[in-house]
Protein chains: 2
Amino acid sequence: MSAEITARPKARTQKRTNDPEGMRKKVLDVAEEAFQARGYHASSMGDLMATAGVTGGALHHHFPTKKALALAVIEERVAAAVEETWIAPVRMAPSAREGVRSVFAAVAAELERQGFVRGCPLNNLAHELSLADPDFRIALAGIFSAWRQAIADKISADQQAGRELGTDPQRFAALAVASYSGAMSMAKTAQDASVLRDCLMALDQGVMSSKTGTRRRNRILHRAL
Amino acid sequence: MSAEITARPKARTQKRTNDPEGMRKKVLDVAEEAFQARGYHASSMGDLMATAGVTGGALHHHFPTKKALALAVIEERVAAAVEETWIAPVRMAPSAREGVRSVFAAVAAELERQGFVRGCPLNNLAHELSLADPDFRIALAGIFSAWRQAIADKISADQQAGRELGTDPQRFAALAVASYSGAMSMAKTAQDASVLRDCLMALDQGVMSSKTGTRRRNRILHRAL
DNA sequence: GACAAAACAGGACAACCGGTCTGTTTTGTA
DNA sequence: TACAAAACAGACCGGTTGTCCTGTTTTGTC
């Protein structure tokens, strides 16, 4: 008679959503959002399951561990975000300096528009996870490296065209990424994007201006984007 | 007879250390170290108790909650660290630019010496906690603000002496702090301090050089500290 | 030395964490 | 339609978390 009890079919309360690949995407969406807003350790799997409307079994099927989920967020979402908001725009810009300047200005404008600063996804996760686990650190370091390399390559391209001959590509890229990351850190902490503008203007009047006398012009063109 | 059992005096295994203020300091030391190395959420009260050699009762007496402990670390330790490594040196420097440059170089040298990058304490906690709790955020934002203000004040002092007349104090300070913070983020993620040197050199050849033709000189003087 | 207050000791607890397990349903393929 | 594999559902567990509580010891004060 015990077999009769244990073999009793369980009542299923949740319907299946026959949406292939949609469930994994939804979990990644929620995880990306949560890791960005609250951080990795502060986001529990239970929270993610609840907000994503996903059961534990489903989550574990796509991502065996929490680490695997975070790794997927880093490699698929964070890397894509950097590619979209930084690498591609810089590549398409008329010059490296103009590309960096326009991204800076665009992000500052976007932050002022939505009136809330959540910080740079890459920096947020990098601070929390790069010392916690080597796999995390390597993945995050790779994104940082690709980010800088894209800017350095653009400087090299400019040099191929006879411009920026006195500029070291690696150093320029390092300063661009560092000042942006640091400015975002302060903007997030102060919940005020104005420091981003301060940094952009300081760069404009110093490093960001070429040495051929375009310093005045840049200050005027700055509002164009 | 039950009273006889419940009233039985408990055996005390740990001796008292009649060291007033010493216990609180020890907890703060351990917490500062742990929050810096592993972060706030990844550091459990149990770990802190164990490594500090402190019982739960003692810890709870000095710091009723984990949040109170973190707030004390921020206000007493992180603020002091920024004061010690940045604000005081900049104040004592011959000029703002020279002060910023020397701190940058000193930190880079220190990181290369110990061969391991744990990141900026302020930035580490700021990323993890500034969105988690308003009290955290305000405390951290205040330190960032004081940091920038110290540099801006130094620029103003330079201007009082007839120098740096074309430099905006707030913007200069914002760029200095941002580029340092961002460079430390990358250095921590890559576990390589060379990006700090890259940023310093980029600043030296651009923003960090005054406009009176000292650009050459700075590159030579750079190794002096 | 009396005595109130501060400074601890140490256990207990409820909530929660991430992960596992078994079982059911859908899907791809022939 | 048969059937193996993938995709899920949902309960379950051991360990950990932060906090609280009661009791003991030290300290300061008159």
Side-chain angles (χ1 to χ4, degrees), chain A residues 2-28 30-31 34-35 38-73 129 132-133, chain B residues 2-28 30-31 34-35 38-73 129 132-133:
Chain A
S2 68
E4 202 173 2
I5 294 176
T6 55
R8 178 170 51 93
K10 299 173 183 177
R12 186 169 299 273
T13 63
Q14 191 162 348
K15 297 259 183 76
R16 285 283 175 91
T17 64
N18 48 357
D19 184 12
E21 281 301 307
M23 181 149 282
R24 194 188 123 97
K25 182 184 181 302
K26 193 169 195 177
V27 170
L28 275 178
V30 170
F35 291 164
R38 290 182 291 275
Y40 175 79
H41 287 104
S43 302
S44 75
M45 298 292 261
D47 292 342
L48 300 181
M49 283 165 46
T51 53
V54 165
T55 62
L59 207 170
H60 180 260
H61 173 71
H62 293 288
F63 308 102
T65 65
K66 191 183 182 183
K67 173 180 171 177
L69 173 57
L71 229 37
V73 168
L129 300 180
D133 190 289
Chain B
S2 67
E4 200 173 4
I5 295 177
T6 55
R8 178 169 52 93
K10 299 176 183 178
R12 186 168 298 273
T13 63
Q14 192 161 348
K15 298 258 183 76
R16 283 286 174 88
T17 65
N18 48 358
D19 185 10
E21 283 301 308
M23 181 150 283
R24 194 187 121 96
K25 181 185 180 302
K26 193 169 195 178
V27 171
L28 237 40
V30 171
F35 290 166
R38 290 182 291 276
Y40 174 81
H41 287 104
S43 301
S44 76
M45 297 292 263
D47 292 342
L48 299 180
M49 284 165 45
T51 54
V54 166
T55 62
L59 207 170
H60 180 259
H61 172 70
H62 292 288
F63 308 101
T65 65
K66 190 182 183 184
K67 172 180 172 178
L69 173 57
L71 228 39
V73 167
L129 300 179
D133 189 288

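Values reported hereafter were calculated over all heavy atoms of this structure, with side chains retained and with hydrogens, waters and symmetry mates removed. Quick note on labels: first sequence line is chain A, next is B, and so on, each numbered from 1. No experiment lies behind these values; they were computed from the predicted model shown.
Expressed to the nearest 0.5 Å, how far CG of A:Asp47 lies from OG1 of A:Thr51 amounts to 7.0 Å.
Here C:dG11 presents its P atom at 17 Å from NE2 of B:His60, a figure rounded to the nearest Å. With rounding to whole Å, B:Met49 atom CE is found 10 Å from C:dG11 atom C1'. Atom-to-atom, CE of B:Met45 to P of D:dG18 comes out at 7 Å; the value is rounded to the nearest Å. Across the protein-nucleic acid pair, A:His61 atom NE2 and C:dT22 atom P stand 17 Å apart, rounded to whole Å. Atom NZ in A:Lys66 sits about 8 Å away from atom P in C:dG19, given to the nearest Å. Here C:dC8 presents its C1' atom at 11 Å from CG of B:Leu59, a figure rounded to the nearest Å. The separation between A:Met23 atom CE and C:dT25 atom C1' is 13 Å, rounded to whole Å. Put simply, CZ on A:Phe63 is 16 Å from P on C:dT20, counting in whole angstrom units.
Between A:Val73 and A:Leu28, some side-chain heavy-atom pair lies under the 4.5 Å cut-off.
Side chain of A:Lys66 to main chain of A:Ser44: no donor-acceptor pair is present (N/O by atom type, distance under 3.5 Å, no hydrogens or angles).
Set against D:dG18, C:dC17, D:dC8, the side chain of A:Ser44 has C:dC17 as its closest nucleotide. Residue B:Thr65 has its side chain nearest to D:dT19 when only C:dC8, D:dC8, D:dT19 are considered.
Taking every heavy atom of both residues into account, B:Gly39 and B:Ser43 meet most closely at O-OG, 2.7 Å.
The side chain of B:His62 places an N or O atom within less than 4.0 Å of a non-bridging phosphate oxygen (OP1 or OP2) of C:dC8.
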